[in-house]
Amino acid sequence: MPPKRKAQAALDDDDFDEVEEEALSDQDTFDKLKQALDPVAMGKRARANHAVDAASFLFKKCDQWDAALKPDHANRPLWVDDAGHIILESFSPIFDEAQDFLINIAEPQSRVSRIHEYTLTPHSLFAAVSVGHSSQEIIDKLERYSKTTLSPSVLVFIEKSTSSFGKAKIVLKKNMYFIESDDASVLQRLLRDPVIASCRADADAGLIQEAAPKLGQMAIPGTKMAGINQPTQAAAPPVEPRPSDMIAALRVDEDEEDVAQVHSFRIEDQERNQVIKRCQDIGLPLTEEYDFNNDFTNTNLDIDLNAHTQIRYYQEKALSKMFSNSRARSGIIVLPCGAGKTLVGITAACGVKKSIMVLCTSAMSVVQWRNEFLKWSNIKPEDIAVFTSESKNLFPRGAGIIISTYTMITSTKNRSHDSAQVMKFIQDREWGLLIADEVHVVPAAMFKKVTYSIKSHAKLGLTATLLREDDKIEDLNFLIGPKLYEANWQELSEQGHIAKVQCAEVWCQMTPEFYAEWLKPSSVQKRALLSIMNPRKFQACQFLIDYHERRGDKIIVFSDNVYALEKYAKKLQKVYIYGGTTQTERLRILENFQHNADVNTIFLSKIGDTSLDLPEATCLIQISSHYGSRRQEAQRLGRILRAKRRNDEGFNAFFYSLVSKDTDEMFYSSKRQAFLVDQGYAFKVITRLEGLEQRPDLAFSTPQDRRELLMDVLLAKDADADEEKIAGDMFGSKFASTGSRAKRKNVARRTAGTLSELSGGQDMAYIEYSKSRNKELKKKGMKNDFLRKLTKVPKK
DNA sequence: GACGTAGCAA
DNA sequence: CTTGTTGCTACGTC
């Protein structure tokens, strides 16, 4: 390799370069290889019980830790490498306990059926310590489960990461934030940091010193045996002790032993996030815990789970992480859709028994949360206030629940008088617990605003998929807290808590005429539309709908593209819902889908991703999707996980992705699936649907039909623009004042009817128009430049 | 209450 | 040169 190229290669990929060097240029590589493959030598190594195989030297860089296997390695389920990467064998007899342990201390990377991968990170270890594991305990258990002795670097990493964790806390007292520790030197160390020192509110004073509250025991509501988590069951009362009992208990303790001391200093409210972030950056992360048992200043909320409400074991597990030392710890709980996130939130609320704030993404889930609270707990309806655009009431007593949306809390502009008043009420009080629903959708900037407005002792984040396509997810760690629990989807579906799902990707060839058009240079949008409207895909969709309707399934078809949605639905004579569908129409369609035996298929646009809840659906077909969004994929799958029929004998839900072969869709599809594959879902690839050609009523079966469809598709985009142009020209002055948004809606409503009437001649006319229109737009300084759109050449 | 608008998110 | 397209909420007006 010439030096220049080699340097370049080294820049590109250091490791690879080195391996290549070793493999290709070294003279003794050949000897090594020969030696490695020599059966006698191999046998020797095997007898020596070393984790070495014929090719291992090739991976030197990635696999430095090649310690000897322990003699009983077969009974130990873990491989732990040098860099904190852990592989867990799910077929091990002690898989369950090993997994329980790993979830606490490491970040799950992928959990496919036989092999699960985890990584030790500072965050995951922080979470472990804050949940109550000691550094020694982590090392001991890892050592016990590992097939080899642990590498020194892993030991150092764990020691280093855990030693400083959990030393300092952030607490809310009398509406003020304090940094608290039982070790004054830790606080002094923090105050030596200029950033933290500048956030201090009581700069002139020394450290505050007071008696530490005694740790109590608490039972999680809704569990079969209260006290199941406690070492001494007799000592744990079945229900949370009333304050009076607590005071009595405290007095006894004070008599018996010396009371531990805690030290603290106060910080400015608005600097809370900065302090938390800074502490994390300097390796002394703060934990946030709420000792609600000893909070006698805030009014108790009269709430308990209904007598017959039982929570499931994984919900209990998640909550036990939150309440393990009888305090409410801030953090995030990850459960798949349909696994009962709401109930976890409600149970947590019943544990804390103080004023609760619930934040949701939409007004609809606000209503759902309210209903769930009434369903599972004995909360009085008047104690739940709903704060949305149409309802701005407050609770009458000293404590209560407010359910609201993120936008309601965070939007600062244009606040109406009523909502300003409610906001003041919210800002002026201390909240026991803040429940953040669908916490993954909340970008950090927005959540910061939330923490300014709502002073809460503890925060509980709930989500199904703790992932975003951007890197904003990291911030949740310091805005809310560490991940407390993450459920395994496969395990839950095996136990029938969520539906079993068969996933398949259906590869559809492009028809020659469509592919020829696709290959021509044109806009990205046009290409996307061509691959969505591919007649073979259409046929596959028709076939699958028919097949599953015969089986008695209820089917949802998703399309992000409204044009395609409308085309598909109309051609197949199915109902469809998209953003433009009126509220009453939506309800009518959903009602029919749920109860009318003749309506078994509905077509949904992106609307179905968030705002609709359809427990009847058992089969899901995706005909187009947005780029490589893993979250969307997971969320859509989640739509059928809560299938009502999931406990029927042998029941299976189905999830199909229709993909046009040899187009960009192939790439996006694999990207989108990454998350589900890691959750253990196997995707089958279907390239041929048996019996498809034999169907007599197959759509677009003649070349003539396909050509007509192609024409339609080719005109579609232009038609959109054309409509816009006409609208703009005819009502130019009117729309100029109302903004581009009105035009958009107008276009969406009007395209469908006129599409087939358009001819090529009119299309040409459009180009002429659009040029002049373009100038006009430029003059007006408008952003929408249609000529540019039209003449845009794809990147490739 | 229907409609339009702005702003935001993916 | 990021860049869409669709959807939702909250609010103001008629």
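Letters go in sequence order (proteins before strands), and every chain restarts at 1.
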Proximity to the side chain of [X] - top-ranked nucleotide from [options]:
X        : options               : answer
A/Ser605 : C/dA10, C/dG7, B/dA10 : C/dG7
A/Ala363 : B/dA9, C/dT5, C/dT9   : C/dT9
A/Thr407 : C/dT6, C/dA10, C/dC11 : C/dA10
A/Arg586 : C/dG7, C/dT5, C/dC8   : C/dC8
A/Ile607 : C/dA10, C/dT6, C/dC8  : C/dC8
A/Ser416 : C/dT5, C/dG12, C/dA10 : C/dG12
A/Arg631 : C/dC11, B/dA10, C/dC8 : B/dA10
A/Met446 : B/dA9, C/dT5, C/dA10  : B/dA9

Between A/Phe655 and A/Phe558 (judged by ring centroids, cut-off 6.0 Å), do the two rings come close enough to count as a pair?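 No; A/Phe558 has its ring centre 6.0 Å or more from that of A/Phe655.
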When the distance from [atom1] of [X] to [atom2] of [N] is rounded to whole Å, what number comes out?
X        : N      : atom1 : atom2 : result
A/Tyr668 : B/dA10 : OH    : C1'   : 14 Å
A/Glu633 : B/dA10 : CD    : P     : 17 Å
A/Glu438 : C/dC8  : CD    : C1'   : 14 Å
A/His440 : B/dA9  : NE2   : P     : 14 Å
A/Arg636 : B/dA10 : CZ    : C1'   : 12 Å
A/Glu390 : C/dT9  : CD    : C1'   : 10 Å
A/Gln525 : C/dT6  : CD    : C1'   : 13 Å
A/Leu604 : C/dG7  : CG    : C1'   : 13 Å

Output yes when a side-chain donor or acceptor of A/Asn592 lies under 3.5 Å from a complementary backbone atom of A/Arg588, and no otherwise. yes
If only side-chain N and O atoms of [X] are considered, is one of them under 4.0 Å from the OP1 or OP2 phosphate oxygen of [N]?
X        : N      : value
A/Thr361 : C/dC8  : no
A/Lys449 : B/dC8  : no
A/Gln632 : B/dA10 : no

From the options A/Lys671, A/Arg639, A/Arg672, select the one residue that forms a salt bridge (charged side-chain N to carboxylate O under 4.0 Å, His left out) with A/Glu633. A/Arg672
Nearest-nucleotide 5' precedence on DNA chain C, A/Ser362 against A/His417: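 This one resolves to A/Ser362.
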The residue, A/Asp560 or A/Met364, whose nearest nucleotide of DNA chain C is more 5′ is A/Asp560
What I'd like to find out is whether the side chain of A/Val506 reaches to under 4.5 Å of the side chain of A/Val659, using heavy atoms alone. no
Candidate list A/Val358, A/Ile435, A/Val439, test side-chain contact (heavy atoms from CB on, under 4.5 Å), partner A/Leu462, passing option: A/Ile435
Name the nucleic acid region contacted by A/Ser411, choosing base, sugar-phosphate or nothing; use a 4.0 angstrom heavy-atom cut-off, strictly under. nothing
Return the OG to CE distance between A/Ser453 and A/Met357, rounded to the nearest 0.5 Å. 9.0 Å
